[in-house]
Amino acid sequence: MDNKIFTNEFSEEVFYNTYMYENETVEDMMMRVSTALSNVEKDNEYWRGVFYDTLKDFKFVPGGRILSNINTNYKNTTLINCFVDGFQGYDQDSMESIMDALKRQALILKSEGGYGFCIDILRPSGSFISGIGGYSPGPVEILNMWDATSEVITSGSYVNKNANGKKKIRKGAMMATMSIWHPDIEKFVSAKLTPNKLAHFNLSVLITDDFMNAVENDLDWDLIFPDYEICKDDYKSKWDGNIKKWIGLGLPVKIYKTIKAKKLFEYIIKSSYDRNEPGVLFIDKINRLNNLNYCEYINATNPCGEQILPIGSACLLGSINLTQFINYKKRNWDYKKLSKYIPSIVRMLDNVYEITNLPLEYQYDEVLSKRRLGIGIMGYGSALMIMKYKYGSDEALKITNELMNFISNKIYRESSLLAKEKGAFPLFDKDKYLNGEYINRLNKKTRHYIKKYGLRNSHLISIQPTGNTSILANNVSGGLEPVYLSEYIRTTICNDNEIKEKLCVPTVIDFKNKYFEKNDSDKENDIKWEWIQEGDEFLLKTTYDNIVYKIDKTRGLLKEVKIKDYAKDYLEKINEWEENSEWTKSSIDLSIDDHLNTLEIITNYIDSSASKCLDGQTTMIIVNDKILYLDELDYDEPNSFKDVDNLYVTCESNKKKKIKSTYNNGISNCIKITFDDNSFIIGTPNHKILSNGHYVELINLNKNQII
């Protein structure tokens, strides 16, 4: 391990398998990036040094496609993480249009870009198709074509047979969206309740203001679609998936079903609770807040949802590592250091547009006319822990509000100064742009800069999850998340051939049928491999020298290692780590309010969106298909929460029940307890249920136990 750079094996593994080009070091990688991006500048030697200094110590970490692909021989890859595509042209709901869109998806994934699109355009399942005399399978089934294409294109993600090849290519990440009015919305919501279905997709429902009003007022909700049978020509020439636009043109719609809005909303929540899918996007607010709402319409996002983009658009990503911008003595942010590096961060990312390959020719005009950037943060939770602030505390929220106010205005002013030097993005309309709701959140000084010089980039700030890049930066917390755990066990790829030989790694493994074979020479060895299940996947597992080893279908031989968050590692080195302090609380120990209050403050200062996970204590439980919320409960009601820390439930304590079955969903880690009378509850593992006078965690309940 390179002790000058990495503090743990896992970060080094991520560099080696994901970002290292040929036999370079981390410093070589940073110089490779700096050189390519400085060549855009007239004084390239000067800017190479500035850019390298910006990257050094992981102060700023560009998106993974930049680190992996820039200035390499991989000429058909892209430097851009996020793309949104969709159906285009005449007769968009036709087989020709569908196959054209599928081809574009394949080319985007081939280039290693993430992909998102909206499927509102597609007619409901069972719809008659007069041209062939058949019936449509519907948009949810058609998604299987996209999922299969992704699986095939990225199936070589962990195959490395050529010395000049990548050790790992980016796996096909995708987002599909559908509007709340679509007749197939219930099928869309439940699509991923079946394990492994649409495995390469995240799904999100586009929720409108009208729908939320119907939910709040317990109104009916119509599921509708253009009545294409009575206006076939208009359907072919004018239907683009925007139902408001269609109705505004006076064109007819057909009501397929009427449902209570609240019932549909609770169906979405229950599906998300059980399987973490789908998410929701408040689409009217998204378009209302969009800086370019005067020239574009948005109905989709990138795979993680932090970049909301129109068809044909794309966005570059990069994140400021806040652990490197701390004034430790003052327990605050180092604003002087931020002021020094933000200008080079904006310039560096903007320069990517001058050299990147795009997978589709038509994307160049769209992308270069807007020059979207997504500058985010990483290491936020780790930085708070280093400064000894509890995530979500009043003190943390105060310095976070000050930080984001500073960062957002500084980034926008630097983009404005760059516009003064290099020109504003082509679709900049001063009057319309300055009238935007988000722009008027910026301070007076920043708005003056925009009015005077314009902006180089239409959008500038988003909060991405920074999975691999935050690990690369010595395991800082991702995006705006708290520290998940200060110390934990993680599996890393084991490339030690000597260990492989000692472990007698099976030579033939059939993961689907849970079968494996050893070499004849290994059969007398006492190493015992056994099948285990993690989530939906089956793995082989053994223990050797008190270390756990596993064999995974895609990653190969793995070993478990102990990993520390950057904050704990930093504080231990200066003898200031305090294990049981309030400020060392990690994600699962936090309340929902800690998460949401932080999210509310940060998102007030971003012009796109943020990726956020909620891992704290839950505020709801499902009882016999009815959602019970903590703040709405009648505490005399059976099967409801009984304690203010929202961990306890009762199950009709005046009537004994026997547990018929228990089910642990490994994906979202929800426990379903079914009783002998077929009633049930669903909760998280740390919920406790009253059993024979004692509260027992759901995870520990067993079949035939009396409640």
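All residue numbers in this chain count up from 1 along the given sequence.
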Please check if the side chain of [X] supplies one atom and the backbone of [Y] the other of a donor-acceptor pair under 3.5 Å.
{"X": "N8", "Y": "F10", "value": "yes"}
{"X": "T18", "Y": "V14", "value": "yes"}
{"X": "H200", "Y": "T149", "value": "no"}
{"X": "S97", "Y": "Q92", "value": "yes"}
{"X": "T466", "Y": "G478", "value": "no"}
{"X": "S68", "Y": "R65", "value": "no"}
{"X": "S477", "Y": "S382", "value": "yes"}
{"X": "D184", "Y": "S125", "value": "yes"}
{"X": "E534", "Y": "L539", "value": "no"}
{"X": "S611", "Y": "Q464", "value": "no"}

Verdict with reasoning, T469 to L317, per side-chain contact (heavy atoms from CB on, under 4.5 Å): CA-CA 11 Å; T469 50; L317 302 179; over 6 Å; no
How long is the span from the [atom1] atom in [X] to the [atom2] atom in [Y], to the nearest 0.5 Å?
{"X": "I268", "Y": "S204", "atom1": "CD1", "atom2": "OG", "answer": "10.5 Å"}
{"X": "L558", "Y": "R490", "atom1": "CG", "atom2": "CZ", "answer": "10.5 Å"}
{"X": "S111", "Y": "L360", "atom1": "OG", "atom2": "CG", "answer": "8.0 Å"}
{"X": "D93", "Y": "I119", "atom1": "CG", "atom2": "CD1", "answer": "11.5 Å"}
{"X": "L281", "Y": "S179", "atom1": "CG", "atom2": "OG", "answer": "10.0 Å"}
{"X": "N468", "Y": "S11", "atom1": "CG", "atom2": "OG", "answer": "10.0 Å"}

Check the pair L109 / F83 against side-chain contact (heavy atoms from CB on, under 4.5 Å), numbers first and verdict last. CA-CA 10 Å; L109 294 186; F83 294 89; over 6 Å; no
Partners of [X] by salt bridge (charged side-chain N to carboxylate O under 4.0 Å, His left out), sequence neighbours excluded?
{"X": "D552", "answer": "none"}
{"X": "K559", "answer": "E9"}
{"X": "K562", "answer": "E487"}
{"X": "R104", "answer": "D85"}

Not counting sequence neighbours, which residues clear side chain to side chain donor-acceptor pair (under 3.5 Å) with E530? List them please. none
Could you tell me which residues satisfy side chain to side chain donor-acceptor pair (under 3.5 Å) with K103, sequence neighbours excluded, listed by chain and number? none
So, [X] and [Y]: side-chain donor and acceptor under 3.5 Å apart, yes or no?
{"X": "Y21", "Y": "N73", "result": "yes"}
{"X": "Y488", "Y": "N475", "result": "yes"}
{"X": "K550", "Y": "T491", "result": "no"}

Closest heavy-atom contact between [X] and [Y]?
{"X": "P506", "Y": "I551", "answer": "CD-CD1, 3.6 Å"}
{"X": "I142", "Y": "P137", "answer": "CG1-CG, 4.0 Å"}
{"X": "H595", "Y": "C613", "answer": "ND1-O, 3.7 Å"}
{"X": "Y549", "Y": "C494", "answer": "CE2-SG, 4.3 Å"}
{"X": "E186", "Y": "L223", "answer": "OE1-CD1, 4.1 Å"}
{"X": "N69", "Y": "T78", "answer": "ND2-O, 3.0 Å"}

Indicate yes or no: at least one non-hydrogen side-chain atom of [X] is less than 4.5 angstrom from one of [Y].
{"X": "L67", "Y": "L472", "result": "yes"}
{"X": "P183", "Y": "K257", "result": "no"}
{"X": "I185", "Y": "M178", "result": "yes"}
{"X": "M174", "Y": "N202", "result": "no"}
{"X": "P359", "Y": "K110", "result": "no"}
{"X": "I471", "Y": "I563", "result": "no"}
{"X": "V26", "Y": "Y19", "result": "no"}
{"X": "L264", "Y": "I180", "result": "yes"}

Output all residues satisfying side chain to side chain contact (heavy atoms under 4.5 Å, CB included) with L203, sequence neighbours left out; order by chain, then residue number. L143, A176, F188, A191, K192, L198, F201, E277, P278
Taking side chain to side chain contact (heavy atoms under 4.5 Å, CB included) as the test, write out the residues that go with V84, two or more places apart. A300, L309
Between F516 and V508, is a side-chain contact (heavy atoms from CB on, under 4.5 Å) present by the stated rule, with each step listed? CA-CA 5 Å; F516 68 91; V508 176; over 6 Å; no
When you look at E481 and K612, which way does the salt bridge (Lys or Arg N to Asp or Glu O under 4.0 Å) test go after all the steps? CA-CA 7 Å; E481 303 293 351; K612 181 76 183 79; 2.7 Å; yes
Going by the rule ring-ring contact (aromatic ring centres under 6.0 Å, His included), which residues pair with F511 if we only count those two or more places apart in sequence or in a different chain? W531
State which residues pass ring-ring contact (aromatic ring centres under 6.0 Å, His included) with Y135; sequence neighbours excluded, sorted by chain then number. F128
Restricting to pairs with a member in residues 502-517, which pass salt bridge (Lys or Arg N to Asp or Glu O under 4.0 Å), not counting sequence neighbours? E498-K502
Which residue pairs satisfy the salt bridge (Lys or Arg N to Asp or Glu O under 4.0 Å) criterion with at least one member in residues 197-207, sequence neighbours excluded? E141-K197
Using 30° and 60° as the class limits, which term best fits the ring planes of F87 and F117: parallel, tilted or perpendicular? tilted
Working note: S190 + Y267, criterion side-chain contact (heavy atoms from CB on, under 4.5 Å); need CA distance, chi angles, decisive distance, verdict. CA-CA 9 Å; S190 62; Y267 185 56; 3.1 Å; yes
